[in-house]
Every structure is written in C-alpha cells, then in structure tokens.
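Below is one structure, written out as structure tokens, with a few remarks after it.
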Amino acid sequence: MSLLPVVVLPEDLVTTHRPATPTATEQELRSQPETWRQALSLLEGVAEQLPRPGERVLAVGCGTSWFMAMAYAKLREAAGQGVTDALTATEVSPSREYDRIVALSRSGTTTEVRELLAATETPSVLITAVAGGPIAQHASSEIVLDFADETSVVQTRFATTALMLLRAALGEDVSSVITEAEQVLAVEPEAALLDAEQISFLGTGWSKGIADEAALKMREATQGWTESYYAMEYRHGPVAIAEPGRTVLVLGQAPDGLAQQVAETGATWVDAELDPVSQLVGVHLAAVRRAESRGLNPDTPRHLTRAVHLEPASR
C-alpha cells in the first residue's frame with residue numbers, strides 16, 4: 001500500500017474541521033523540499049565543521065533532534081566513516097571518548113544539550129535554527145539553518161533539513177528524496193493513517209529513528225496511540241496489539257514475511273517504496289489532518305512548548 005494515492009476525505013472533515021487557512025505546521029511542513037535544497041546549497045561552506053572520516057563521533061539531541069541524530073549515526077557508520085553513537089543529551093556515558101560531537105537543537109537553547117557541551121572539551125558543532133544561542137557559547141562552531149526555523153511547536157522542517165544536510169555530507173545524492181517528498185505532498189494522506197485507532201511505525205537500521213519521529217509527531221499532534229519498533233522486533237511481542245482498525249506502517253525495507261503476518265491479524269499494512277524521510281513528510285501531513293478532524297490545533301499540542309528549558313531544582 002502506498003502513501004501516494006489520493007484519498008477523498010469525508011465532507012464533514014473537509015468543511016467542518018479544516019481551517020480556511022492552513023496552519024503554521026502545514027505551511028512549514030509543505031516547505032520541506034525547498035528548505036532541503038537550501039541546506040544542500042550550504043554544504044560546501046560548512047563541510048569543514050562536520051565530522052571527518054575515521055573520527056569517533058557522538059551525535060546528540062533531545063526529542064525530535066535525538067531521533068535525527070539516531071538516523072545520522074546509523075547512516076555514518078553504514079557509509080564506513082567511523083564509529084558514531086547517538087544519545088539523548090542526558091544519557092551520555094562519561095566513560096566513552098569521542099573526537100567530535102554533533103549537537104542538534106532547533107532553538108539553540110535546549111538545557112540538556114547546553115549542559116553537555118559546557119562540561120566537555122571535545123570539539124563540537126551545533127546545528128540550529130537560531131544563531132548565537134546559549135548552546136552556541138559552548139560549541140566549537142555552529143551551522144545555522146535559520147531558513148528552516150519554525151513558529152509551530154511541532155518540529156517538521158528543521159529536523160528533516162538538518163538530516164538532509166548531514167546525509168549529503170556523507171556523500172549521498174538526495175535529489176530523488178526531494179522529488180519523492182514533493183509527490184507525497186501533492187496528495188492527501190490515505191485513510192489508513194487518518195482513521196486508524198492505533199498506528200505502529202516500524203524501521204530498520206537508520207529508519208528506526210525516522211519511525212520513532214513519525215510516532216512522536218502523531219502523538220504530539222493528535223493525542224493518539226502510536227508506537228515505534230525495529231521491524232524485526234515487532235514480531236517479538238508488539239504484534240499482539242495488531243487487529244482490525246489499527247495500522248502498521250513500515251519506513252524503508254520491510255523484512256520478508258512481515259506484511260503477511262500483519263495481514264493475518266486484520267490490521268492494515270502500509271509499505272510505501274519511498275525513502276523513509278519522504279514517508280515521514282506524509283506522516284507529518286497525516287498528523288495535521290488527524291488533528292483537524294479531532295478539533296485540535298496541530299500548532300500547539302497540549303503540555304508542550306517550542307523549546308524545553310529546565311530550571312535548577314529549588315532547595
């Protein structure tokens with residue numbers, strides 16, 4: 001099943017819930033192909049700031065930025081460029097040594113990332129949308145993707161733009177990914193993503209980070225039940241929740257036999273033969289549509305803010 005076929009939405013969803021003007025989230029997520037192109041145009045000028053082949057690298061972030069770091073780490077190792085760990089900033093082991101740290105923070109203010117860089121002398125590069133923030137004071141250098149900044153609380157284009165820059169820096173030709181994303185954005189999401197009671201996102205290798213991000217986006221925007229797993233690990237227990245009315249979406253290559261196993265549960269299987277980041281763009285749009293159908297504002301998910309600032313505990 002593909003993410004590309006056009007779906008005719010129920011009339012009440014279109015007329016009652018969808019705002020006359022697209023939300024900030026939708027406008028920003030639709031700009032992703034263009035922000036990716038802008039990031040690629042920067043590559044030559046920022047390449048020296050990024051890890052060199054053979055270096056031991058730590059990629060860090062929080063939330064969405066951590067999931068992009070996970071994808072980058074797997075891609076870098078697969079490209080033969082050296083050992084690369086990806087961790088959320090609070091869980092970095094002091095017993096491991098690195099040649100360079102790649103830190104991702106859209107706001108440039110994330111408390112945990114700032115504290116990590118302040119406590120280390122390891123050379124580091126910060127990839128951010130806002131120049132000169134608190135983290136930049138502790139980074140060796142920063143790469144500013146200000147054209148990919150967002151007003152929405154929910155991250156879409158900054159995260160994928162940073163990842164596309166990093167993929168290109170590894171030597172990937174990502175032009176086809178941009179084309180795929182444009183195709184995905186030209187149609188409405190399919191019903192399997194709009195109507196499902198529950199969605200499980202599966203990935204393998206680097207696409208596991210994308211699966212984690214897809215599940216997060218749907219949870220943030222729709223307050224829905226989503227989960228994410230390595231595709232093979234899904235068979236080791238989580239498949240028990242599959243049933244009619246629920247959806248399993250695999251990002252990237254699906255293991256042999258898994259589609260049939262899911263079909264036997266009655267759950268809907270979605271397997272688009274697209275780059276995982278192109279698929280993520282489709283999930284971004286589906287999350288907006290699901291939020292609108294539930295009377296929610298995808299720009300401002302409950303309990304969330306654009307950046308997380310942690311104050312020291314009072315005594």
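Computed from heavy atoms alone, side chains included, the values below leave out hydrogens, waters and symmetry copies. Just so we're clear, the structure is a prediction, and the values are computed from it rather than from any experiment.
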Pairwise salt bridge (charged side-chain N to carboxylate O under 4.0 Å, His left out) hits with a residue in residues 71-89, at least two apart: D85-R96
If you group Ile, Leu, Val, Met, Phe, Trp and Tyr by side-chain heavy-atom gaps below 4.5 Å, do F147 and L166 land in one group? yes
Decide whether L50 and L42 are clustered together by the hydrophobic rule: side chain heavy atoms of Ile, Leu, Val, Met, Phe, Trp, Tyr closer than 4.5 Å, transitively.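 Yes; tracing contacts between hydrophobic side chains, which count when under 4.5 Å, links both residues.
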Apply side chain to side chain donor-acceptor pair (under 3.5 Å) to Q49 and list each qualifying residue two or more places apart in sequence or on a separate chain. S141
Side-chain heavy atoms of [X] within contact of [Y], under 4.5 Å:
X    : Y    : result
T268 : L249 : no
T226 : Q198 : no
I199 : L193 : yes

Side chain to side chain contact (heavy atoms under 4.5 Å, CB included) between I241 and W225, intermediate numbers included: CA-CA 11 Å; I241 66 173; W225 177 17; 4.0 Å; yes
Which heavy atom of [X] sits nearest a heavy atom of [Y], and at what distance?
X    : Y    : value
H284 : T160 : CE1-CG2, 4.1 Å
S207 : L251 : OG-O, 2.9 Å
T222 : A291 : CG2-N, 3.7 Å
L185 : P33  : CD1-CD, 3.9 Å
A69  : A86  : O-CB, 3.4 Å
F201 : V283 : CE2-CG2, 3.9 Å

Between T64 and Q155, is there a side-chain donor-acceptor contact under 3.5 Å, judged purely by atom types and distance?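 No - no donor-acceptor pair under 3.5 Å links their side chains.
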Less than 3.5 Å apart, any donor N or O on the side chain of Q32 or T161 sitting next to an acceptor on the other? no
Yes or no on side chain to side chain donor-acceptor pair (under 3.5 Å) for E112 and T88, after CA distance, side-chain angles and deciding distance? CA-CA 9 Å; E112 301 99 305; T88 185; over 6 Å; no
CD on Q279 to CD on E273, rounded to 0.5 Å: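 If I round to the nearest 0.5 Å, the distance is 9.5 Å.
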For V248 and V270: C-alpha separation, side-chain torsions, deciding distance, then whether side chain to side chain contact (heavy atoms under 4.5 Å, CB included) applies. CA-CA 6 Å; V248 178; V270 178; over 6 Å; no
Any salt bridge between [X] and [Y], counting N to O under 4.0 Å?
X    : Y    : answer
E97  : R56  : no
R246 : D195 : no
E26  : R289 : yes

Would R106 and T128 satisfy side chain to side chain contact (heavy atoms under 4.5 Å, CB included), going step by step from the backbone distance to the final call? CA-CA 5 Å; R106 175 178 64 172; T128 184; 5.9 Å; no
Could you walk me through whether M164 and T35 pass side chain to side chain contact (heavy atoms under 4.5 Å, CB included), step by step? CA-CA 10 Å; M164 294 295 275; T35 60; over 6 Å; no
Can you name the one residue among V46, L145, V144 that meets side chain to side chain contact (heavy atoms under 4.5 Å, CB included) with I127? L145
Residues that, via side-chain heavy atoms closer than 4.5 angstrom, fall in one hydrophobic cluster with L126: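 Members alongside L126: L58, V60, L87, V92, Y98, I101, V113, L116, L117, I135.
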Assess the residue pair E28 and S152 against the criterion (side chain to side chain donor-acceptor pair (under 3.5 Å)); give the C-alpha distance rounded to whole Å, side-chain angles, the decisive distance to 0.1 Å, and a yes or no. CA-CA 8 Å; E28 288 164 355; S152 173; 4.5 Å; no
